[in-house]
Amino acid sequence: MSSKDFFVKRYKQLGEDFKEVNLKPSLRVNTLRISEKDIIVRLENLGVKLEKVSFAKYGYYFNSKFSLGAISEYLLGYFYLQESAAQVPVQVLDPEESDLVLDCCASPGGKTSQICQWMNNKGNVVSLEKKQHRVKSLKVNLERMGCNNVVALNMDVAKIDKLNMQFDKILVDAPCSGNFADDKQWFNKRDIDGINFSSKIQKEILASAVKVLKKDGVLVYSTCTLEPEENELNMQWLLDNFKVKLEPISLDFGSSGLVNVFGRKLDKSISLCKRFWPWKTNTQGFFVAKVRKL
Amino acid sequence: MNLDKFLELWNYKDINKNNVVKVGREFYLVENTKDFWDKFKGRLNVVWCGVYLGFEKDFFVPSLWLLERLSEKVSKKVWVNSKGEWLFICKRNVLSESISKMENVENNDLCLVVNQHDECLGIGKRENKVIKNIFDIGDFLRRERNN
């Protein structure tokens with residue numbers, strides 16, 4: 001059995017018929033730097049066709065004959081090139097101006113900058129990036145997007161106790177095994193061992209993060225993978241080991257989280273999570289969960 | 001060149017230097033992040049803290065934020081058309097045919113290079129009819145690519 005057949009069979013067991021997809025490129029308007037109305041006019045005057053993403057507050061699909069990643073409007077931080085589903089976790093976290101927010105796996109900074117946007121550059125965001133070689137991308141994007149309320153640290157979330165702080169809201173956009181929708185070679189590069197390894201790392205990150213979340217605080221967990229070991233099964237593990245509950249996500253888009261994974265019955269509240277099957281949403285594969293600490 | 005000399009060069013006085021900290025070669029304004037700085041400095045590897053001002057090398061490289069603040073105060077400016085804008089952010093000099101307006105810029109002066117939307121694109125130096133590119137905002141991309 002080929003690697004692709006292996007994964008397609010798994011999706012079938014989860015009730016889904018695999019289909020290839022062609023993703024539409026998308027961007028997020030950065031209202032810290034420009035109004036939505038003004039950037040739309042600027043881009044349309046350049047010949048860029050824009051279409052609102054129905055489920056992402058500042059998201060637009062675009063069609064352009066030239067690269068948007070080198071024009072002045074990009075360099076001035078008026079928008080961030082961000083896949084539409086990737087715009088969802090911060091929207092679900094919904095950070096406010098008075099919050100102290102932790103972004104556990106920050107580079108390249110798309111979601112940290114989105115958190116700053118939601119907070120109008122007020123409050124504070126602590127961003128962690130474990131890998132030194134990824135810090136430069138984070139900093140370039142924080143500068144470009146006009147993020148002024150961030151403290152970024154080159155450190156592993158496993159050492160988060162050193163901060164001696166508790167956070168109102170935490171984003172764990174976890175490193176994951178990815179998905180086929182934006183990587184044509186994905187099936188050839190992945191196997192179940194790699195997925196289980198990612199799942200282990202994700203649990204470690206979640207355990208560290210939950211410890212520094214204030215009581216009644218909100219943690220949003222997201223991945224860009226379809227594999228249940230990195231999604232619903234991690235949520236089951238979280239429910240089994242910590243005083244937390246899952247909450248509904250206000251988003252009229254995506255499918256419910258799975259509560260029966262390869263014959264294993266999970267906590268019913270896991271259905272409150274959202275799962276983006278690419279052939280249904282025309283996005284990359286995605287998973288998002290909203291967790292509240294009890 | 002460090003931050004102080006750069007600000008003196010433009011006669012810019014609106015930054016409270018008591019709230020400026022240095023992280024390696026970089027400068028940050030920590031007005032809204034001072035508590036974090038005091039708590040973390042020397043103990044954790046802080047790589048960003050508040051408002052980024054720029055970094056020092058032969059010439060001080062200002063941040064986008066600082067360029068915008070300068071643009072609000074500095075009168076020496078050159079406005080460029082869209083062709084000149086594109087070339088300038090690609091690290092090229094501005095030729096006379098791309099200049100749509102120039103204010104208070106004598107030969108050999110440093111000046112801000114501005115597009116038709118009054119957005120500052122970087123710093124130039126007038127050398128007769130040409131504005132030599134000293135720094136432009138395309139530097140973000142070049143820095144990221146050199147990562």
Side-chain angles (χ1 to χ4, degrees), chain A residues 32-34 38-39 41-42 45-46 66-67 69-78 100 106-109 112 119 121-156 159-160 162-165, chain B residues 21 23-24 26 28-41 43-55 61-68 80 82 84-90 113-122 136-147:
Chain A
L32 285 178
R33 307 273 301 135
I34 194 169
D38 286 350
I39 188 62
V41 170
R42 294 266 297 256
N45 284 344
L46 292 171
F66 56 87
S67 166
I71 60 175
S72 298
E73 288 79 1
Y74 174 84
L75 297 171
L76 290 164
Y78 293 167
L100 175 59
S107 198
T112 296
M119 296 170 79
N121 258 337
K122 306 276 174 52
N124 282 110
V125 185
V126 175
S127 286
L128 306 183
E129 177 47 53
K130 177 183 174 182
K131 295 178 179 170
Q132 171 67 36
H133 72 275
R134 288 169 61 86
V135 166
K136 195 179 264 186
S137 298
L138 171 65
K139 291 165 72 171
V140 165
N141 284 317
L142 292 179
E143 179 184 358
R144 191 172 64 80
M145 302 301 279
C147 299
N148 294 339
N149 59 339
V150 174
V151 178
L153 302 166
N154 177 204
M155 80 180 276
D156 187 344
K159 295 176 181 167
I160 191 77
K162 285 187 176 181
L163 299 188
N164 196 22
M165 297 175 102
Chain B
V21 301
V23 180
E26 299 170 349
Y28 291 86
L29 189 60
V30 293
E31 275 166 0
N32 60 351
T33 50
K34 188 126 188 7
D35 291 347
F36 294 86
W37 174 252
D38 290 341
K39 193 171 178 179
F40 297 159
K41 70 178 172 186
R43 202 166 63 81
L44 299 171
N45 190 3
V46 178
V47 295
W48 183 280
C49 195
V51 180
Y52 176 57
L53 297 172
F55 70 96
V61 179
S63 68
L64 193 60
W65 184 89
L66 184 54
L67 266 185
E68 286 179 0
V80 295
S82 57
E85 174 177 1
W86 173 246
L87 292 171
F88 187 72
I89 64 173
C90 294
V113 177
V114 179
N115 69 9
Q116 299 302 301
H117 299 282
D118 275 333
E119 294 156 339
C120 187
L121 305 171
D136 67 82
I137 60 171
D139 192 57
F140 294 125
L141 283 184
R142 296 190 286 272
R143 263 186 269 160
E144 197 172 17
R145 281 174 190 157
N146 290 336
N147 193 4

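Sequence lines set the chain letters: A, B, ... in the order given, protein chains first and strands last, and positions in each chain run from 1.
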Donor-acceptor side-chain pairing of A/Ser72 and B/Glu119 below 3.5 angstrom: no
Most chain A-contacting option - heavy-atom pairs closer than 4.5 Å, from B/Leu67, B/Val51, B/Val47: B/Val47
Step-by-step side-chain contact (heavy atoms from CB on, under 4.5 Å) determination, B/Asn45 to A/Leu153: CA-CA 6 Å; B/Asn45 190 3; A/Leu153 302 166; over 6 Å; no
Heavy-atom proximity to chain A below 4.5 Å, by part of B/Trp37: neither
Interface moiety of A/Leu100 toward chain B, non-hydrogen atoms closer than 4.5 Å: side chain
Which portion of B/Glu31 sits near chain A, non-hydrogen atoms under 4.5 angstrom: neither
A/Asn121 versus chain B, the contacting section by heavy-atom distance below 4.5 Å: backbone
Per-residue contact mode, A/Asn154 against chain B (heavy atom under 4.5 angstrom): both
Shortest non-hydrogen contact from B/Leu44 toward A/Met155: CD2-SD, 4.5 Å
Of A/Val135, A/Leu142, A/Thr112, the residue whose pairing with B/Trp48 passes side chain to side chain contact (heavy atoms under 4.5 Å, CB included): A/Leu142
Contact winner vs chain B - A/Glu129, A/Met165, A/Arg144, heavy-atom pairs under 4.5 Å: A/Met165
Nearest heavy atoms of A/Ile71 and B/Ile89, plus distance in Å: C-CD1, 4.3 Å
Side chain, backbone, both or neither of B/Leu121 within contact of chain A (heavy atoms, under 4.5 Å): side chain
Contact summary for A/Lys162 and B/Arg43, nearest pair of heavy atoms: O-NH1, 3.0 Å
Part of B/Cys90 lying under 4.5 Å from any heavy atom of chain A: neither
B/Glu68 CD to A/Leu76 CG distance, which is reported to the nearest 0.5 Å: 7.0 Å
Donor-acceptor under 3.5 Å (A/Asn149 side chain, B/Asn32 main chain): no
Structural part of A/Leu138 lying under 4.5 Å from a heavy atom of chain B: neither
Which portion of A/Val125 sits near chain B, non-hydrogen atoms under 4.5 angstrom: neither
Shortest non-hydrogen contact from B/Lys39 toward A/Asn164: NZ-O, 3.2 Å
Exercise: identify the closest heavy-atom pair between A/Asn124 and B/Thr33: ND2-CG2, 3.5 Å
Side chains of B/Leu64 and A/Arg33 in contact at under 4.5 Å (non-hydrogen atoms): yes
